[in-house]
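Here's the structure, in structure tokens; my notes come after.
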Amino acid sequence: MTGAGPAPLRTLPVGRHALLVEVAGTQEAQALHAELLRRRDAGALPPVREIVPAARTVLLDGLADPRALAADLAHWTVPPLPAAEAPPVVLPVRYDGADLAEVAALWGVSEDEVARIHSGTEFRVAFCGFAPGFGYLTGLPERLHVPRRATPRTTVPAGSVGLAGPYTGVYPRSSPGGWQLIGRTDAVLWDTGRDPAALLSPGTRVRFEERA
Amino acid sequence: MTGPNRLTVVRAGALTTVQDLGRAGYAHLGVPRSGALDEPAHRLANRLAGNPEQCATLETTVNGCAVRPESAVTAVVTGAPCPVRVDGRPVAWGAPVRVPAGAVLEAGPASAGLRSYVALAGGIAVPPVLGSRSRDLLSGLGPDPLTDGMSLPLGTPYGPPGAADVTPWPAPPASAGGLVLPVVLGPRDDWFTAEALRTFAGPGFRVAPASNRIGLRTEGPALERGRPGELPSEGMPLGAVQVPPDGRPVVFLADHPTTGGYPVIGVVPEGALAGAAQAAPGTGVRFVVVRA
């Protein structure tokens, strides 16, 4: 949590039925998202089709009267993220990714230490995108942020655990991708035959557990 | 009737997909809304076939498709006008037609526009995924695009087909006259130069051949950004006009990604997107800035 007092929410109109609420950063966006869900569950939010959190915004789409909600939002005080109630989702990982050595070099530690640091960090799904069930997980301190690969891979196997910028993510299915791969999990991230289909959704806390 | 009706795909066409009204409500998981691109045409086809509007229809692209139902069924073709035939015999476009058991219903090549909608009484009854039978071409959810020989289940007809004297068809955007798309500026119009905003509202844009269900791509002038740097990923609504680094605006259609990192200069109201669904490559595009 940042120690700064609450900054006013900046709302930008998006077309005729949506609003983009802009905040200072990812912590604030996650806190705003949690507050929007809390108010929606409490019946204190006008009907809205989609609530889409992202890096430092939340999009509210499908509003009958976005101006009225924008005016209301100007008076909101968003509390910091509440303490975790449910235990985190634990994803078992073999830290044997193709870019493990590269990440170790960027972090200035051994490969074993990469696994130790990554599995010792508590992550939170800031938002989803790229593919159904792909979560952008925050939690790594800034000094451990790494760039994307200069050349993306044409195929990244399902279950690959990668790093890019401030995020960690797990590929729900085989796809092209430019993230630095440090390991792989057998966890099924996305299954439309399961309810819920997505193992990780915005707000989910995640821990990775090292498997030999 | 002996058991539920099915149809066999005789000619799949260039790209024919099962579509309904889409799977709204999952954008936060990275799931596009999907659904019929020309939603009014899809709804009309269902009404004329006696179906609720959310029933699944077949969305064709450019050259139609042909299907053969096992049992007799009422069918309606709307959207892009095209010759409609039952076992080779011309029948009405935009009106309920009776397809006898084992006869071939064919929607021919579009004479204007791109996408025709084939509704069959009872709807295409493939199992829904996250509440929708739509094929989402970005993330691969929903039934596979049609292939020759494929078999699809049909639902039980709801009742008598709808009666209508007239099928309204908004004139498709002509390749010369062009597609007019109203745009509400923002949320990131401040990322562009004043010159770019003038260019955006001016002539010279055409529908690019790379357009698809994900987006209507344009070729023509490039819009210059007024500021350097990257925009962190943010939520993208249907109709968002995103400007990638090459400066050519892309209008997001039903299968668009739910988050993106290129600035959105404006948003086309949903009601204007049916025209975008029917605009062939080469069609002129005019963005007209309107008030929110």
Side-chain angles (χ1 to χ4, degrees), chain A residues 10-22 25-26 29 33 36-37 48-63 66-67 70 125-136 165-167 172-173 175 189-190 192-193 195-204, chain B residues 22-34 127-132 136 138-142 182-191 230-241 251-252 255-261 263-273 290-292:
Chain A
R10 179 179 183 229
T11 57
L12 301 166
V14 178
R16 287 179 172 149
H17 296 287
L19 275 184
L20 192 66
V21 190
E22 196 169 47
T26 187
H33 179 244
L36 284 162
L37 296 190
V48 54
R49 187 170 54 215
E50 310 276 7
I51 301 179
V52 189
R56 59 165 198 224
T57 56
V58 179
L59 176 72
L60 296 151
D61 193 10
L63 293 164
R67 284 179 209 209
V125 181
F127 60 98
C128 293
F130 174 65
F134 186 96
Y136 291 76
Y167 304 113
R173 59 176 186 198
S175 66
L189 275 289
W190 177 255
T192 55
D195 188 16
L199 187 59
L200 310 182
S201 57
T204 305
Chain B
R23 46 181 73 81
Y26 298 97
H28 63 288
L29 300 178
V31 176
R33 185 191 316 187
S34 196
V129 175
L130 298 178
S132 166
D136 160 12
L138 181 74
S139 49
L141 299 180
V183 180
V184 178
L185 287 181
R188 300 298 176 189
D189 51 319
D190 59 347
W191 275 60
E230 285 183 57
L231 184 69
S233 277
E234 60 190 28
M236 296 277 148
L238 183 64
V241 184
V251 183
F252 274 173
D255 290 356
H256 72 85
T258 59
T259 58
V264 170
I265 192 170
V267 178
V268 178
E270 283 180 32
L273 292 174
V290 296
R291 295 170 57 86

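So that the names make sense, note that chain A is the first sequence line, chain B the second, and so on, each numbered from 1.
With rounding to the nearest 0.5 Å, the separation of OG in Ser233(B) from CZ in Phe127(A) is 4.5 Å. To the nearest 0.5 angstrom, Leu29(B) atom CG is 11.5 Å from Leu199(A) atom CG. To the nearest 0.5 angstrom, Leu238(B) atom CG is 11.5 Å from His17(A) atom NE2. Atom-to-atom distance recorded for Arg33(B):CZ and Asp61(A):CG is 6.5 Å, nearest 0.5 angstrom.
The backbone N or O of Thr57(A) sits nowhere less than 3.5 Å from a side-chain atom of Glu234(B) that would complete a donor-acceptor pair.
Using a 4.5 Å cut-off between heavy atoms, Ile51(A) contacts chain B through its backbone alone, with no side-chain atom that close. Only the backbone of Leu200(A) comes within contact range of chain B, with at least one heavy atom under 4.5 Å from a heavy atom of that chain. For Pro269(B), the part lying under 4.5 angstrom from a heavy atom of chain A is the side chain only. In this structure, the portion of Ala131(A) lying under 4.5 Å from any heavy atom of chain B is its backbone and not its side chain. In this structure, the portion of Arg188(B) lying under 4.5 Å from any heavy atom of chain A is its side chain and not its backbone.
Minimum heavy-atom separation, Gly129(A) to Thr259(B): CA-OG1, 3.6 Å. Closest heavy-atom contact between Cys128(A) and His28(B): CB-O, 3.1 Å. Nearest heavy atom pair, residue Ala54(A) against residue Gly235(B), reads CB-N, 4.0 Å. In plain terms, the two heavy atoms of Ala55(A) and Pro232(B) that are nearest each other are CB-CB, 3.5 Å.
Residues Val290(B) and Arg16(A) form a side-chain contact, since some pair of their non-hydrogen atoms from C-beta on lies under 4.5 Å apart. Within the 4.5 Å cutoff, the side chain of Pro237(B) has no heavy atoms near those of the Arg49(A) side chain.
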**Request:** Walk me through it: do Trp190(A) and Leu141(B) pass the test side-chain contact (heavy atoms from CB on, under 4.5 Å)?
**Result:** CA-CA 11 Å; Trp190(A) 177 255; Leu141(B) 299 180; 3.8 Å; yes

